[in-house]
Amino acid sequence: MPTVLRLFRYVAIAEACSWAGLLVGMYFKYVAATGDLGVKIFGPVHGALFVLYVAGVLAAARTARWGLGAVVLGLACAVPPFTSLWFERRQLSRFREPVAV
């Protein structure tokens with residue numbers, strides 16, 4: 001697998017993990033009302049990983065030659081929690097390098 005696609009996989013996983021951290025932080029801030037430390041930590045982390053994920057979609061699309069529909073879907077999957085994982089698995093399962101025999 002090309003390095004760009006491997007990096008895209010790592011960023012997609014990290015972006016989903018940051019979503020989880022941000023959601024937990026939001027629970028403690030808004031539901032439990034115990035403080036906003038989680039949001040202060042995971043908000044900027046998730047923001048940075050969101051931007052990296054968008055850049056990763058564009059770079060992976062160029063490397064793997066995805067169509068416009070796949071690019072738009074990948075960018076849309078940056079918004080709902082954890083859909084970056086679904087998209088990453090969907091797209092990278094379609095990219096297979098030839099096996100040397």
Side-chain angles (χ1 to χ4, degrees):
M1 179 181 306
T3 304
V4 171
L5 298 180
R6 194 172 304 115
L7 288 173
F8 171 64
R9 169 173 279 164
Y10 298 148
V11 169
I13 293 167
E15 193 266 347
C17 291
S18 73
W19 250 125
L22 184 58
L23 290 173
V24 169
M26 289 170 61
Y27 169 80
F28 283 109
K29 181 177 181 178
Y30 296 111
V31 177
T34 57
D36 63 347
L37 182 62
V39 174
K40 285 183 178 180
I41 293 171
F42 283 103
V45 170
H46 177 68
L49 288 169
F50 176 88
V51 172
L52 280 175
Y53 175 79
V54 168
V57 166
L58 299 175
R62 185 172 182 192
T63 299
R65 300 180 186 192
W66 297 341
L68 180 61
V71 173
V72 170
L73 180 61
L75 294 174
C77 284
V79 179
F82 311 115
T83 53
S84 61
L85 292 176
W86 170 81
F87 179 76
E88 174 268 326
R89 300 226 172 166
R90 177 181 185 265
Q91 289 303 111
L92 296 188
S93 70
R94 295 175 180 199
F95 183 84
R96 297 285 181 228
E97 292 184 276
V99 178
V101 181

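The figures that follow rest on heavy atoms only: side chains count, while hydrogens, waters and symmetry mates do not. Nothing here was measured: the structure is a model prediction, and the numbers come from that model.
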**Asked** Parallel, tilted or perpendicular: which fits the ring planes of F8 and W66, with parallel below 30° and perpendicular above 60°?
**Response** perpendicular

**Asked** Would V39 and V45 show up in the same hydrophobic cluster when neighbours are defined by side-chain heavy atoms closer than 4.5 Å?
**Response** no

**Item:** Any side-chain heavy-atom pair of L73 and R90 under 4.5 Å
**Value:** yes

**Request:** Count the heavy atoms belonging to other residues, nucleotides or ligands that lie under 6.0 Å from CZ of R6, then report whether that count exceeds 12.
**Result:** yes

**Fill in**
The reported gap from CG in L7 to CZ in R9 (rounded to nearest 0.5 angstrom) is 11.5 Å

**Shortest non-hydrogen contact from L92 toward L5** = CD1-O, 3.8 Å

**Request:** Report whether V4 and V54 are members of the same hydrophobic cluster (ILVMFWY, side-chain heavy atoms less than 4.5 Å apart, transitive linking).
**Result:** no

**Asked** Would W86 and Y53 show up in the same hydrophobic cluster when neighbours are defined by side-chain heavy atoms closer than 4.5 Å?
**Response** yes

**Fill in**
When rounded to the nearest 0.5 Å, the distance separating OG of S84 from CZ of R89 is 10.5 Å

**Request:** Check C77 against T83 and note the closest heavy-atom contact, atom names and distance.
**Result:** O-OG1, 2.6 Å

**Prompt:** Rounded to the nearest 0.5 Å, how far apart are CG of L22 and CD of E15?
**Reply:** 10.0 Å

**Prompt:** Hey, any chance L49 and W19 share a hydrophobic cluster, counting ILVMFWY side chains that come within less than 4.5 Å of each other, even indirectly?
**Reply:** no

**Item:** Within one Ile-Leu-Val-Met-Phe-Trp-Tyr cluster: V71 and F50, side-chain cutoff 4.5 Å
**Value:** yes

**Prompt:** Just wondering, more than 12 heavy atoms not from F82 lying within 6.0 Å of its CZ?
**Reply:** yes

